[in-house]
Amino acid sequence: MRCVLCLLLLVLPLPALADGWAALERDGAIAIMRHALAPGGGDPAQFVLEDCETQRNLDARGRGQARAIGAELRLRGVKFDKVFTSQWCRCRETAALIEMGAVQALPSLNSFFCRTR
């Protein structure tokens, strides 16, 4: 396995990854990141995990961030064997927009700050 990308929940700016690029080229490397920009904090009290309309979601800047991160990863030749994400819509959308492979939602990556229904 080359490396696995787990998308959890705010993406580091690309310059913060400068020292990490070489690490991503090593066999067995794991990259962990949070979702791209989704303005606000937390989710409304009555959110429903399966209903994106009830959650805090990526905005246009966040979608641009996710696409830019994916483009940079591809430009640098980084490849992932697997891409995992939590079930939150902002996380799933970030994972899809980076376009680094099929995305698999893992409930174990979900937020532990609140209970889901």
Side-chain angles (χ1 to χ4, degrees):
M1 178 185 310
R2 183 133 192 237
C3 52
V4 176
L5 175 65
C6 296
L7 294 173
L8 302 175
L9 293 170
L10 197 62
V11 162
L12 293 173
L14 289 176
L17 295 173
D19 295 334
W21 291 118
L24 288 175
E25 296 172 359
R26 295 187 186 127
D27 285 342
I30 297 173
I32 300 174
M33 60 188 278
R34 297 177 77 189
H35 61 73
L37 185 62
D43 287 293
Q46 301 301 316
F47 83 94
V48 176
L49 192 57
E50 297 78 19
D51 184 356
C52 295
E53 298 280 324
T54 67
Q55 299 177 35
R56 181 170 55 95
N57 294 298
L58 300 183
D59 66 2
R61 293 174 297 168
R63 287 187 288 280
Q65 283 177 335
R67 288 183 188 105
I69 289 166
E72 186 69 21
L73 289 166
R74 287 187 297 281
L75 179 70
R76 292 176 177 269
V78 175
K79 297 185 186 309
F80 297 105
D81 291 327
K82 296 186 186 259
V83 179
F84 299 113
T85 183
S86 77
Q87 294 176 298
W88 263 253
C89 295
R90 59 187 169 268
C91 302
R92 292 190 336 245
E93 184 176 16
T94 299
L97 289 172
I98 64 169
E99 297 181 6
M100 294 302 296
V103 178
Q104 180 181 350
L106 293 179
S108 59
L109 295 176
N110 287 352
S111 174
F112 54 85
F113 292 111
C114 63
R115 301 187 77 162
T116 60
R117 294 185 272 288

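Annotation: the span from K82 atom NZ to I30 atom CD1 amounts to 12.5 Å, rounded to 0.5 Å.
Annotation: side chain of R92 is in contact with side chain of C52 (closest heavy-atom distance under 4.5 Å). Residues T94 and T85 are not in side-chain contact: their nearest non-hydrogen atoms beyond the backbone lie 4.5 Å or more apart.
A36 approaches G62 most closely through the heavy-atom pair CB-O, 3.1 Å. The nearest pair of heavy atoms linking V103 to A96 is CG2-N, 4.1 Å. Residue L109 comes nearest to S86 through the heavy atom pair O-CB, 3.4 Å, listed as atom of the first residue, atom of the second, then distance. Across L49 and Q87, no two heavy atoms sit closer than the pair CD2-OE1, 3.5 Å. Shown here for M100 and V78, the closest heavy-atom pair between the two residues is CE-O, 3.1 Å.
Linking Ile, Leu, Val, Met, Phe, Trp and Tyr whenever their side-chain heavy atoms come within less than 4.5 Å leaves I69 and L58 in two separate clusters. L97 and L73 fall into different hydrophobic clusters, where Ile, Leu, Val, Met, Phe, Trp and Tyr residues are linked whenever their side-chain heavy atoms come under 4.5 Å apart, directly or through other members.
Under the 3.5 Å distance criterion, with hydrogens and angles disregarded, no donor-acceptor pair is assigned to the side chains of Q55 and D43.
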Q.
What verdict does the side chain to side chain contact (heavy atoms under 4.5 Å, CB included) test give for R67 and E99, after you've listed the backbone C-alpha separation in whole Å, the side-chain angles of each residue and the deciding distance to 0.1 Å?
A. CA-CA 8 Å; R67 288 183 188 105; E99 297 181 6; 6.0 Å; no

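Between the side chain of R90 and the backbone N or O of R56, at least one donor-acceptor pair lies under 3.5 Å.
Residues satisfying the side-chain contact (heavy atoms from CB on, under 4.5 Å) test with P44, not counting sequence neighbours, are F47. Taking R61 as the reference, D59 meet the side-chain hydrogen bond (donor to acceptor under 3.5 Å, both in side chains) condition, with sequence neighbours excluded.
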